[in-house]
K.L.:
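The structure's right below; bear with me while I get my questions together.
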Number of protein chains: 2
Amino acid sequence: MVVDQLRENELDRLFQALADTTRRDIVRRVTVGGYSVSGLAGLYDMSFAAVQKHVAVLERATLVTKERRGREQLVRGNHEGLQKARHLLDEYEAIWQGRVDRIADILAEG
Amino acid sequence: MVVDQLRENELDRLFQALADTTRRDIVRRVTVGGYSVSGLAGLYDMSFAAVQKHVAVLERATLVTKERRGREQLVRGNHEGLQKARHLLDEYEAIWQGRVDRIADILAEG
DNA sequence: CTGATCTACAACCATTTGGTTGTACGATAG
DNA sequence: CTATCGTACAACCAAATGGTTGTAGATCAG
């Protein structure tokens, strides 16, 4: 149960990170190809610092990774984070379908 | 593009609603079987009003529906809301897989 | 070396969130 | 009818969010 708490906090961060239009857009873009933080900042009608914060939120949620590239910071999508969120929704779907055995499978995969 | 804004706000509400451990727990429970609001309130270490607010957030996000049942209010899971969230993550997964044609399919389903 | 660029981060602000208590009201049990 | 139960909602509060400006440190181009 103590371990679960960590997972719950992780899910809190994941879904919260996805609960913002700008951040979802960033996730889409950096999944297709890498962007520097300033490259991303140029796309939105807000300050560099604001975009920087959004990237930080996504990074904490493991939806994105940053990698130093000279004086730039390359932002790329992180598949693992997305999968965790998908996993939860799959679990809910299984519950909805009443497939208790399928739930057990999913939890075993976890 | 104007229409998209509505969809984005809807997704904001959906993911934000999922970004709370208590609310995710409520979703699980009411998907398996119906609960009254006070029935739910009994499960958590917080006030009735707090649980009532959580249910309201879930209802606004279309993850849950309420139905008057005498003097109680029956809360039940709403499959449609979950599917919308799943749909987005499927789209992201498709992007990640680089399956542009699959993305087109998913957007067409939308 | 110098200047421009990219990033980091602090401080601040308005709004939202997640919780509380308290009040009021409709429906039901006795 | 009356008391109780389930709900709704307002008012309040602390903390988090999403934005801003400003300052400062690296790194690169010339």
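Values below: every heavy atom of this structure, side chains too, minus hydrogens, waters and symmetry copies. All chains are named by letter (A, B, ...) in the order of the sequence lines, taking the proteins before the strands, and each is independently numbered beginning at 1. All figures in this text were calculated on a predicted structure; none of them were measured in a lab.
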K.L.:
Taking side chain to side chain contact (heavy atoms under 4.5 Å, CB included) as the test, write out the residues that go with B:A56, two or more places apart.
P.N.:
none
K.L.:
Is the shortest heavy-atom distance from the side chain of B:F15 to the side chain of A:L14 under 4.5 Å?
P.N.:
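No, their side chains stay 4.5 Å or more apart.
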K.L.:
Of all residues at least two apart in sequence or in a different chain, which pass the side-chain hydrogen bond (donor to acceptor under 3.5 Å, both in side chains) check with A:E59?
P.N.:
none
K.L.:
Can you tell me the distance, in whole Å, between the CZ atom of B:F15 and the P atom of D:dG18?
P.N.:
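Rounded to the whole Å, the gap is 15 Å.
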K.L.:
Taking only residues two or more places apart in sequence, or in another chain, which ones meet A:D12 in a side-chain hydrogen bond (donor to acceptor under 3.5 Å, both in side chains)?
P.N.:
B:T21, B:R24
K.L.:
In whole angstrom, give the distance that lies between atom CG of A:D12 and atom P of D:dT17.
P.N.:
10 Å
K.L.:
Not counting sequence neighbours, which residues clear side-chain hydrogen bond (donor to acceptor under 3.5 Å, both in side chains) with B:E10? List them please.
P.N.:
B:K84
K.L.:
Find out whether B:E8 and B:L11 are in side-chain contact, i.e. whether some heavy atom of one side chain is under 4.5 Å from a heavy atom of the other.
P.N.:
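B:E8 vs B:L11: side chains touch.
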K.L.:
Which residues pass the side-chain hydrogen bond (donor to acceptor under 3.5 Å, both in side chains) test with B:R13, sequence neighbours left out?
P.N.:
none
K.L.:
Check each residue of residues 65-73 of chain B for a non-hydrogen atom within less than 4.0 Å of any atom in DNA chain D, then write out the ones that pass by number, or none.
P.N.:
B:K66, B:R68, B:R71, B:E72, B:Q73
K.L.:
Would you say B:Q52 reaches D:dA8's phosphate, i.e. side-chain N/O to OP1/OP2 under 4.0 Å?
P.N.:
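It does, given that an N or O in the side chain of B:Q52 lies less than 4.0 Å from OP1 or OP2 of D:dA8.
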K.L.:
According to the side-chain hydrogen bond (donor to acceptor under 3.5 Å, both in side chains) rule, which pairs have a member within residues 62-72 of chain B, sequence neighbours left out?
P.N.:
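The answer is B:E67-B:R76.
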K.L.:
When you measure from every atom of DNA chain D, which of residues 25-37 of chain A have a heavy atom less than 4.0 Å away?
P.N.:
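Hits under 4.0 Å, by residue number: none.
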K.L.:
To the nearest Å, give me how far apart CZ (A:R60) and C1' (D:dT17) are.
P.N.:
13 Å
K.L.:
My validator wants the stems of DNA chain D: runs of 3 or more consecutive Watson-Crick or G-U pairs, both distances under 3.5 Å, written as range with range.
P.N.:
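Detected stem regions: C:1-30 with D:1-30.
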K.L.:
Taking CD from A:E59 and C1' from C:dA8, how many angstroms apart are they, rounded to a whole number?
P.N.:
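The answer, rounded to whole Å, is 12 Å.
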K.L.:
If a protein heavy atom is under 4.0 Å from the base, mark B; if only from the sugar-phosphate, S; if neither, -; do that for nucleotides 12-24 of chain C going 5' to 3'.
P.N.:
-----SSBBB---
K.L.:
Going hydrophobic residue to hydrophobic residue with side-chain gaps under 4.5 angstrom, can you get from A:L74 over to A:V55?
P.N.:
no
K.L.:
Please say yes or no: joined through hydrophobic side-chain contacts below 4.5 Å, possibly via intermediate residues, are A:L63 and A:V57 part of one cluster?
P.N.:
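No.
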K.L.:
Do any pairs count as a ring pair (Phe, Tyr, Trp, His ring centres under 6.0 Å) and have a residue in residues 45-85 of chain A, sequence neighbours left out, and if so which ones?
P.N.:
A:H79-B:W96
K.L.:
Is there a donor-acceptor contact under 3.5 Å from the side chain of A:R23 to the main chain of A:A17?
P.N.:
yes
K.L.:
List the atom pairs, with distances to 0.1 Å, where a side-chain N or O of residues 28-45 of chain B and a protein N or O form a donor-acceptor pair under 3.5 Å, not counting sequence neighbours.
P.N.:
{"unit_1": "B:R28", "atom_1": "NE", "unit_2": "A:E91", "atom_2": "OE2", "d": "3.3"}
{"unit_1": "B:R29", "atom_1": "NE", "unit_2": "B:D25", "atom_2": "OD2", "d": "2.8"}
{"unit_1": "B:T31", "atom_1": "OG1", "unit_2": "B:V27", "atom_2": "O", "d": "2.6"}
{"unit_1": "B:S36", "atom_1": "OG", "unit_2": "B:S38", "atom_2": "OG", "d": "3.3"}
{"unit_1": "B:S36", "atom_1": "OG", "unit_2": "B:G39", "atom_2": "N", "d": "2.8"}
{"unit_1": "B:Y44", "atom_1": "OH", "unit_2": "B:D25", "atom_2": "OD2", "d": "2.6"}

